[in-house]
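Below you'll find the structure, written out as structure tokens, and then a few comments.
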Amino acid sequence: MRFDRIQNCFAKCQAETRTALGIFITAGDPNPAISEELLLGLPDAGADFVELGMPFSDPMADGPVIQAASLRAIKAGMTSGGVLQLAARFRARHADVPLILMGYYNPIYVYGVERFLTDAHKAGVDGLIIVDLPPEEDAELCLPAQQAGLDFIRLITPTTDAARLPKTIDNASGFIYYVSITGITGTASASTGSISQAVTRIRQASTLPVVVGFGIKTPEDVRAVGQHADGVVIGSAIVSIIGEGGDANAARAQVKQLATATAKEA
Amino acid sequence: MSQHKPNTFRAGPDAEGRFGIHGGRFVAETLMPLILKLEEAWKQAKTDADFIAEMDFYRKHYIGRPSPLFFARRITAHFGGARLYFKRDELNHTGAHKINNVLGQALLAKRMGKTKIIAETGAGQHGVATATACALFDMECDVFMGAEDVMRQKPNVDRMRLLGAQVHSVTSGTGTLKDAMNEALRFWVTHADSHFYIIGTAAGPHPYPAMVRDFQTIIGNEAKAQILEAEGRLPDAIVACIGGGSNAIGLFHPFLDDESVAIYGVEAAGRGIDSGAHAASLNGGRPGVLHGNRTYLLQNDDGQIQDAYSISAGLDYPGIGPEHAWLHESGRVNYVSATDQQALDAFALCSRLEGIIPALEPAHALGFIGTMIGDMDKEQIVIMNLCGRGDKDLEAVLPILEKQNKLSGKLL
């Protein structure tokens, strides 16, 4: 069996009674140099796993912060090939930290699914989160990705009802990403109560780790959601620092803050 | 491109919403349960006698259907070739074909117990039609429109507001129709439980392309009966302009299996396909995935969507409905194009010779017709979908025609 960075990461965090901290940044934002510096520094700042956003011109599931980041990155020359090179440099520096690419299907489709999966696997990518590929489209990328040795991480949302839940979990691998709000990234936040209920519901249907994202911004959020979930993802709160002209150090400082809040209460 | 010929061109989509490789359901999980419910509701409604009767009532007494099929005598004489008929959907209430679809979806929303409506709009015609239906059925209406379109289509913005709609000026991305659609989808995701999204063209995730087509086929069904009555036979060619392609698929679909009928879809070539400034997704794009479906898209080598350009805000979209993508690949429909200038000349010609000011969108169809109809036999018949009226375009068109000395009437 292959060395599974995602499984190991969650097992390690569980052993340390910690919430796994996932940090999202957009590849190439605001330019390739700063983006690489930020990315390579995330594990030392406290990120347990990293989601690297593949910029897309039409990010339908994203709020203003990630939209702007995508456009900055594209304008600064980021491409699918560039994302994969960045991933490979991350892997060369950090042998064990899970790296997940997150984005939309079209750039992958145009790059060529088989070619993309081969190159991503070679670059040391562990998994994919593709927002606009529901289980109904599993033949497109989910199944080929798993064949190629990449996890396909499924999004489950508040509108995923009990009847649909098994279908969304069927081909899931890596972990389950629970989108805590009906909405777009970086906007509203869900109540801890509704998150707790949803995570319980997912745990009854799947043994995969459950990670919660969308609307998680502060160390307090990390602490509260971490009482229920195995991991959390913070994106807009970090990306906005870059958007406001901050450098990699400023963003890293914020990650360090978030990392102080990962201890689970006994 | 022609593959082996299917028994019928009218059977699509399949159970997964595919027309060949095109179509599908490429949406976020949040929306997936909603579009499955919509598909179920539509499946039931379209064979339900009460729903059909309600549709018929509003088509007749509110839209004003059937729209006439009019023999364009003077344009026919001008080109000296085949006989040209206009399917006059510009006479519909609100001035375009858009209302055919909007009324259907609004009635479906009502049936599903939804009273809050979302729509995107480019030229504003779909927005106006949606605002109109919302006024009629006492529904809340949020319309998303690119900031650039808000400026160049001000009369339609005013109409929507008068009708009670909230018009959201979209500045994200490039501030055009594709961004309006992104923003409408974002709003829908955020209000998933309460709102119904009325998509304006035969595109988006399944079941929208098929459902919008079904609401628009009234155009082709009427035209077929009307031409049989007027001429005793089917036309030799039918022509419609294409942005997303709802008016075109509405005219084409009932004729797809009539082999003798040549079918032409006219894309907007803007300043010319070679210039790069155009909206011709089939003639100048390639397959990709956007806004819930796979179809031909204007995009760069890296899969980033590019801006469409056309003088017509209604054709200014970097994609096209998935059924057109399939009809293109199957070879059944010929997808051609007309430039801004061809459309402008046709706009002036139609106004002067027929006393009908067409929208810039169908002026593209007429612009293309001008390049071929003169070479056809006098006994042959062409039907063009005159899918909208041109009042909304005067502000954009008149200064150009004036500058080109193509306004024939003088101000004395």
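Every heavy atom of this structure was used, including side-chain atoms; hydrogens, water molecules and symmetry mates were not. None of these values were measured; they are calculated from a predicted model. We name chains A, B, ... by the order of the sequence lines, and we start the count at 1 in each one.
- Of the two parts of A:Leu71, only the side chain, counted from C-beta on, holds a non-hydrogen atom closer than 4.5 Å to a non-hydrogen atom of chain B.
- Between chain B and the options A:Tyr104, A:Tyr105, A:Tyr109, the largest number of non-hydrogen pairs under 4.5 Å is found for A:Tyr109.
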Between B:Gln153 and B:Gln125, does a side-chain contact (heavy atoms from CB on, under 4.5 Å) hold up when you go through it step by step? CA-CA 10 Å; B:Gln153 304 285 338; B:Gln125 293 303 104; 6.0 Å; no
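- Neither the backbone nor the side chain of A:Asp161 comes within contact range of chain B, judged by heavy atoms closer than 4.5 Å.
- Within the 4.5 angstrom heavy-atom criterion, atoms from both the backbone and the side chain of A:Pro59 approach chain B.
- Contact count versus chain B (heavy atoms, under 4.5 Å) is highest, among A:Thr160, A:Ile181, A:Asp58, for A:Asp58.
- Heavy-atom pairs under 4.5 Å with chain A peak, among B:Leu297, B:Asn300, B:Val189, B:Asp302, at B:Asp302.
- Of the listed residues (B:Arg18, B:Met181, B:Glu183), the one with the most heavy-atom contacts under 4.5 Å to chain A is B:Arg18.
- Proximity to chain A is absent for every atom of B:Ile35, based on heavy atoms less than 4.5 angstrom apart.
- Interface remark: A:Leu133 contributes backbone and side-chain atoms alike to the contact with chain B (heavy atom separation under 4.5 Å).
- Put simply, of B:Asn182, B:Thr174, B:Leu185, B:Leu290, the one with the most heavy-atom pairs under 4.5 Å next to chain A is B:Asn182.
- At a 4.5 Å heavy-atom cutoff, A:Thr187 makes no contact with chain B through either its backbone or its side chain.
- With respect to A:Arg154 and B:Glu29, no salt bridge is recorded, no charged nitrogen being found less than 4.0 Å from a carboxylate O.
- Heavy-atom pairs under 4.5 Å with chain B were tallied for A:Pro55, A:Pro64, A:Ser80; the largest tally goes to A:Ser80.
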Could you walk me through whether B:Trp188 and A:Met60 pass side-chain contact (heavy atoms from CB on, under 4.5 Å), step by step? CA-CA 11 Å; B:Trp188 195 26; A:Met60 276 101 61; over 6 Å; no
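- By number of non-hydrogen pairs under 4.5 angstrom with chain A, the leading residue of B:Gly17, B:Ala192, B:Ala28 is B:Ala28.
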Should B:His324 and B:Phe19 be marked as a ring pair (Phe, Tyr, Trp, His ring centres under 6.0 Å) after you check the CA-CA gap, both sets of side-chain angles, and the distance that decides it? CA-CA 9 Å; B:His324 288 294; B:Phe19 301 91; 9.5 Å; no
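- Formation of a donor-acceptor pair under 3.5 Å by the B:Asn293 side chain with backbone atoms of B:Gly321 is not found in this model.
- Proximity to chain B is absent for every atom of A:Met54, based on heavy atoms less than 4.5 angstrom apart.
- At a 4.5 Å heavy-atom cutoff, B:Gln306 makes no contact with chain A through either its backbone or its side chain.
- Of the listed residues (B:Asp193, B:Leu31, B:Thr190), the greatest number of heavy-atom pairs within a distance under 4.5 Å of chain A belongs to B:Thr190.
- Taking CG of A:Leu39 as the start and CD1 of A:Ile34 as the end, the distance is 13.5 Å to the nearest 0.5 Å.
- The CG atom of B:Asp307 sits 9.5 Å away from the CG atom of B:Leu298 when rounded to the nearest 0.5 Å.
- Both the backbone and the side chain of A:Phe56 come within contact range of chain B, judged by heavy atoms closer than 4.5 Å.
- Between A:His228 and A:Tyr178, the side chains place no donor N or O within less than 3.5 Å of an acceptor N or O (distance only, hydrogens not considered).
- Under 3.5 Å, the side chains of B:Gln105 and B:Tyr208 contain no donor-acceptor pair of N or O atoms.
- With hydrogens and angles left out, the side-chain atoms of B:Asp179 and B:Ser172 include no donor and acceptor closer than 3.5 Å.
- Aromatic ring pairs are classed by plane angle as parallel below 30°, tilted from 30° to 60° and perpendicular above 60°; the pair B:Tyr317 and B:His291 is parallel.
- Contact count against chain B (heavy-atom pairs under 4.5 Å) is highest for A:Thr157 among A:Ile156, A:Thr157, A:Ile108.
- Using a 4.5 Å cut-off between heavy atoms, B:Pro287 contacts chain A through both its backbone and its side chain.
- Although no hydrogens or angles enter the test, the distance criterion places a donor-acceptor pair under 3.5 Å between the side chain of B:Ser330 and the main chain of B:Trp326.
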